[in-house]
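Notes follow once the structure below has been shown.
Position 1 is the first residue of the sequence, and the numbers go up from there. What's counted below: heavy atoms across the whole structure, side chains too, no hydrogens, waters or symmetry copies.
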Amino acid sequence: ANWSAETNRSLWTGIAEEMGVMILHPIHQGNTVPAVSLGGERQMANLWAAIAQVEKQYSVDTKRIYASGLSQGATESLLLAGLRPQKFAGVLVFNPVADFSAFYNDVPTIRDLLEKDCSGTPTSAAKEYARRSPTTYAAQLARLPVTIYWAQNDELIPNGAASQGGKLCDLIRAAGGKLLREVRHANQHAYPFCRFDATTKKLEVYTRDVFVASVKDLLGNARRAD
């Protein structure tokens with residue numbers, strides 16, 4: 001997401017040691033707002049460069065490279081795998097924006113930012129909105145083990161079933177995606193990490209069990225030869 005490495009540390013601490021992996025936490029490269037990258041070209045170039053640098057610097061099992069993220073990080077993980085499915089062994093995402101045109105239409109407060117970042121509206125800059133939308137790459141994602149969590153009552157990304165996570169899952173299945181795992185939930189946007197009660201202003205932190213179990217499932221996959 002647009003969390004800092006320190007914020008994510010509480011979630012990922014122990015995973016590397018327990019499961020024998022390296023965890024790469026990229027810094028966001030937003031075009032308009034530093035922490036809001038929204039799958040922009042600068043951000044995607046940064047992600048590819050980071051992966052290449054790790055492969056150059058360390059001994060990496062190229063059959064076991066994975067993408068995972070929450071929210072904005074979920075969107076960009078899906079874009080990585082959708083653009084180069086042959087590079088990844090699996091994807092695990094939580095509550096992504098899957099269709100930026102629908103996001104623009106459904107969330108008026110995001111329109112100014114999207115218009116600046118995408119250089120137009122979904123009508124005038126249709127190719128850019130499509131380029132950033134994981135729904136565009138459903139056929140490529142259908143080749144991979146992909147787990148998608150999406151919220152039926154997401155307070156930040158509405159209309160999940162028709163326009164976002166649910167829509168993407170339907171498209172992946174329609175493309176023959178037999179390795180898709182869809183997890184619908186009603187725990188708001190940041191599940192399975194935390195939940196914020198806007199009325200009481202209290203933050204509920206979930207146990208890590210669901211998160212860790214999902215990571216273990218992800219790491220059980222190895223890239224197959226096409």
* To do: Decide side-chain contact (heavy atoms from CB on, under 4.5 Å) for Thr147 and Leu218; before the verdict, give the C-alpha distance in whole Å, the side-chain angles of both, and the deciding distance to 0.1 Å.
  => CA-CA 8 Å; Thr147 297; Leu218 175 71; over 6 Å; no
* Name the orientation class of the two ring planes belonging to Tyr129 and Tyr104 (parallel below 30°, tilted from 30 to 60°, perpendicular beyond 60°). => perpendicular
* To do: Please round to the nearest 0.5 Å and tell me the distance separating atom NZ of Lys127 and atom OG1 of Thr136.
  => 12.5 Å
* **Closest heavy-atom pair and its distance - Thr135, Leu168** => CA-CD1, 3.8 Å
* **Stepwise side-chain contact (heavy atoms from CB on, under 4.5 Å) check, Leu79 with Leu47** => CA-CA 11 Å; Leu79 292 178; Leu47 297 179; over 6 Å; no
* Asked: Do Asp99 and Ser163 meet the criterion of a side-chain donor-acceptor pair at a distance under 3.5 Å?
  -> no
* Nearest heavy atoms of Asn31 and Gly40, plus distance in Å -> ND2-CA, 4.2 Å
* Using the salt bridge (Lys or Arg N to Asp or Glu O under 4.0 Å) rule, take Arg184 and Glu182 through it: C-alpha gap first, then chi angles, then the decisive distance, then the call. => CA-CA 6 Å; Arg184 303 184 186 191; Glu182 178 182 11; 3.2 Å; yes
* Provide the closest heavy-atom pair for Arg64 versus Leu219 in the form atom of the first, atom of the second, distance. => NH2-O, 3.4 Å
* Structure fact -> The single option from Pro96, Ser133, Ser37 that satisfies side-chain contact (heavy atoms from CB on, under 4.5 Å) with Thr75 is Pro96
* Asked: With hydrophobic residues grouped by side-chain heavy-atom distances under 4.5 Å, do Ile23 and Trp48 end up in a single group?
  -> no
* For the residue pair Ala89 and Asn221, what are the closest heavy atoms and their distance? -> O-CB, 3.4 Å
* Enter the distance from Phe100:CZ to Gln164:CD here, rounded to the nearest 0.5 Å. => 8.5 Å
* To do: Determine yes or no for a side-chain-to-main-chain donor-acceptor pair under 3.5 angstrom, with Gln188 supplying the side chain and Ala151 the backbone.
  => no
* Asked: Do Val97 and Val33 belong to the same hydrophobic cluster, where Ile, Leu, Val, Met, Phe, Trp and Tyr are linked whenever their side-chain heavy atoms lie under 4.5 Å apart, directly or via other members?
  -> yes
* Take Trp12 and His25 through the side-chain contact (heavy atoms from CB on, under 4.5 Å) test and state the conclusion after the steps. => CA-CA 10 Å; Trp12 289 93; His25 187 290; 6.0 Å; no
* Would you confirm whether Gln72, through its side chain, and Leu38, through its main-chain N or O, come within 3.5 Å as a donor-acceptor pair? => yes
* Of all heavy-atom pairs between Val60 and Glu55, which one has the smallest distance, and what is that distance? -> CG2-CA, 3.9 Å
* Structure fact -> Correct closest heavy-atom pair for Val210 and Pro192 would be CG1-CB, 4.0 Å
* To do: Find the distance between CD (Glu41) and CZ (Arg132) and round it off to the nearest 0.5 Å.
  => 8.0 Å
* Asked: Will you find, in the side chains of Ser124 and Thr121, an N or O donor that is under 3.5 Å from an N or O acceptor?
  -> yes
* Polar side-chain atom of Gln43 near backbone of Gly30 as donor-acceptor pair, under 3.5 Å -> no
* To do: May I have the step-by-step check of salt bridge (Lys or Arg N to Asp or Glu O under 4.0 Å) for Asp170 and Arg173, ending in yes or no?
  => CA-CA 5 Å; Asp170 289 342; Arg173 276 191 291 267; 2.8 Å; yes
* Asked: Does a side-chain heavy-atom distance below 4.5 Å link Leu78 with Leu141?
  -> yes
* Is the backbone of Val215 close enough, under 3.5 Å, to the side chain of Tyr66 for a donor and an acceptor to pair up by distance? -> no
* Ser101 side-chain N/O to Pro122 backbone N/O, donor-acceptor pair under 3.5 Å -> no
* Asked: How about Ser119 and Glu128: does a side-chain donor come under 3.5 Å of a side-chain acceptor?
  -> no
* Answer with yes or no whether the hydrophobic clustering places Leu24 together with Leu80; edges join I, L, V, M, F, W, Y residues whose side-chain heavy atoms lie under 4.5 Å apart. => yes
* With under 30° as parallel and over 60° as perpendicular, where do the rings of His185 and Tyr191 fit, or are they tilted in between? -> tilted
* Asked: Does one hydrophobic cluster hold both Tyr149 and Val146, with members joined at side-chain heavy-atom distances below 4.5 Å?
  -> no
* Structure fact -> Between the CG atom in Leu156 and the OG1 atom in Thr109, the distance rounded to the nearest 0.5 Å is 9.0 Å
* **Nearest-0.5 Å distance, CG of residue Leu144 to CZ of residue Arg223** => 10.0 Å
* Output yes when a side-chain donor or acceptor of Asn46 lies under 3.5 Å from a complementary backbone atom of Ile27, and no otherwise. => yes
* Asked: Are the side chains of Phe211 and Phe94 in touch, meaning some heavy atoms are under 4.5 Å apart?
  -> yes
* Linked, directly or transitively: Ile15 and Val205 (ILVMFWY side chains, under 4.5 Å) -> no
* Please confirm whether the backbone N or O of Leu92 pairs with a side-chain atom of Ser68, one donor and one acceptor, at under 3.5 Å? => yes
* To do: Hey, could you give me the OG/CD distance between Ser71 and Glu76, rounded to the nearest 0.5 Å?
  => 9.5 Å
